[in-house]
Engineer: 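I am attaching a structure below and will ask some questions about it afterwards.
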Amino acid sequence: MKGIQVYPDGREDKQDSQVMGSFYKRQGDYYIVYQESEVTGMVGVSTALRVEKNKLTLNRMGAAEQRQIFEKDVLHHSTYVTPFASFYLGALAEEMEISLTELGGHITLKYKLFADDKKISQNTLMILIKEDTPQ
């Protein structure tokens with residue numbers, strides 16, 4: 001997974017991580033399930049992505065909870081709940097490229113993130129799914 005966040009003042013954060021998880025297809029949709037790590041700052045959180053033809057749904061459960069839908073050109077709102085506070089977020093997907101088969105593939109998602117209807121960042125998320133190969 002690679003993530004890039006660009007903030008209104010021009011600052012940029014990049015994350016690059018590898019995670020082990022499950023990838024499967026059920027009733028025509030793909031699912032990606034994994035545990036967050038210290039790299040993301042969300043230890044104790046399980047993340048599940050449901051990938052439909054033109055929609056991606058992120059579900060976070062555990063120490064932080066959120067259900068965020070990403071659908072091209074549609075603003076979707078969610079509540080991000082942490083042990084410290086809750087945040088009202090919005091996500092507007094501008095580009096979605098989904099190329100998956102039962103063997104893996106990739107997802108590229110470009111979206112704007114809003115907090116209380118104010119843009120807080122421009123984001124790019126790239127996910128590459130492949131079978132773990134023994135060393």
Engineer: In Å and rounded to the nearest 0.5 Å, what is the NZ to CD distance from Lys130 to Gln18?
Structural biologist: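 Lys130 NZ to Gln18 CD: 7.0 Å, rounded to 0.5 Å.
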Engineer: Quick check: is Leu125 connected to Phe23 through a chain of hydrophobic side chains (ILVMFWY, heavy atoms under 4.5 Å apart)?
Structural biologist: yes
Engineer: Do the side chains of Lys25 and Glu102 get close enough for a salt bridge, i.e. N-O under 4.0 angstrom?
Structural biologist: yes
Engineer: As an exercise, state the distance from CG of Asn54 to CE of Met96, rounded to the nearest 0.5 Å.
Structural biologist: 7.0 Å
Engineer: Hey, are the side chains of Leu100 and Val51 touching, using non-hydrogen atoms and a 4.5 Å cut-off?
Structural biologist: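 Yes - at least one pair of side-chain heavy atoms lies under 4.5 Å apart.
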Engineer: Do Leu58 and Thr47 have side-chain heavy atoms sitting under 4.5 Å apart?
Structural biologist: yes
Engineer: For Ser78 versus Gln68, what's the shortest heavy-atom pair and its separation?
Structural biologist: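 So the two residues come closest at OG-OE1, 2.5 Å.
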Engineer: Would you call Val19 and Met1 a side-chain contact if the rule is heavy atoms closer than 4.5 Å?
Structural biologist: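 Yes. Closest side-chain heavy atoms under 4.5 Å.
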Engineer: Quick one: pull up NZ in Lys53 and CG in Asp29 and give me the separation to the nearest 0.5 Å.
Structural biologist: 12.0 Å
Engineer: Are Leu89 and Val74 co-members of a hydrophobic cluster defined by side-chain heavy atoms under 4.5 Å apart?
Structural biologist: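 No.
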Engineer: Going by the ring pair (Phe, Tyr, Trp, His ring centres under 6.0 Å) test, which pairs reach into residues 79-100, not counting sequence neighbours?
Structural biologist: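 Those involving residues 79-100 are His77-Tyr88.
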Engineer: Is there a side-chain contact between Asn123 and Ile4 (heavy atoms, below 4.5 Å)?
Structural biologist: no
Engineer: For the side-chain contact (heavy atoms from CB on, under 4.5 Å) test, which of Ile127, Leu49, Ile32 pairs with Leu56?
Structural biologist: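 Of all the options given, the one that passes is Leu49.
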Engineer: For Arg67, what residues pass the side chain to side chain contact (heavy atoms under 4.5 Å, CB included) criterion, not counting sequence neighbours?
Structural biologist: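 Side chain to side chain contact (heavy atoms under 4.5 Å, CB included) list for Arg67, sorted by chain: Thr57, Asn59, Ile69.
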Engineer: Enter the distance from Ser99:OG to Ile129:CD1 here, rounded to the nearest 0.5 Å.
Structural biologist: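 The distance works out to 9.5 Å.
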Engineer: Return yes if a side-chain donor-acceptor contact under 3.5 Å exists between Glu71 and His76, otherwise no.
Structural biologist: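 Yes - a donor-acceptor pair under 3.5 Å links their side chains.
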Engineer: Return each pair, listed once, that meets ring pair (Phe, Tyr, Trp, His ring centres under 6.0 Å) where at least one residue sits in residues 94-120; pairs must be two or more places apart or across chains.
Structural biologist: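 Checked against ring pair (Phe, Tyr, Trp, His ring centres under 6.0 Å) - neighbours excluded - the pairs reaching residues 94-120 are Phe70-Tyr111.
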Engineer: Would you compute the distance between atom CG of Leu92 and atom CG of Leu75 and round it to the nearest 0.5 angstrom?
Structural biologist: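 With rounding to 0.5 Å, CG (Leu92) is 6.0 Å from CG (Leu75).
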Engineer: Taking only Lys NZ, Arg NE, NH1 and NH2, and the carboxylate oxygens of Asp or Glu, determine whether Glu97 and Lys110 approach each other closer than 4.0 Å.
Structural biologist: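 No.
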Engineer: For Arg26, give me all partners under side chain to side chain donor-acceptor pair (under 3.5 Å), at least two apart in sequence or on another chain.
Structural biologist: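 With sequence neighbours excluded, Arg26 shows a side chain to side chain donor-acceptor pair (under 3.5 Å) to no residue whatsoever.
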Engineer: Is any side-chain heavy atom of Tyr30 closer than 4.5 Å to one of Ile98?
Structural biologist: no
Engineer: Using a strict cut-off of less than 4.0 Å between a Lys/Arg side-chain nitrogen and an Asp/Glu carboxylate oxygen, indicate whether Lys118 and Asp116 qualify as a salt bridge.
Structural biologist: no
Engineer: Taking side chain to side chain contact (heavy atoms under 4.5 Å, CB included) as the test, write out the residues that go with Ala63, two or more places apart.
Structural biologist: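 If we apply the side chain to side chain contact (heavy atoms under 4.5 Å, CB included) test to Ala63, skipping adjacent residues, the hits are Val45.
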Engineer: Taking the side chain as everything from C-beta on, heavy atoms only, tell me whether Gln122 gets closer than 4.5 Å to Lys112.
Structural biologist: yes
Engineer: Please identify each residue that fulfils side chain to side chain donor-acceptor pair (under 3.5 Å) with Ser46, with sequence neighbours left out.
Structural biologist: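 Gln35.
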Engineer: Return the OG to CD distance between Ser121 and Glu12, rounded to the nearest 0.5 Å.
Structural biologist: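 Here the interatomic distance stands at 11.5 Å.
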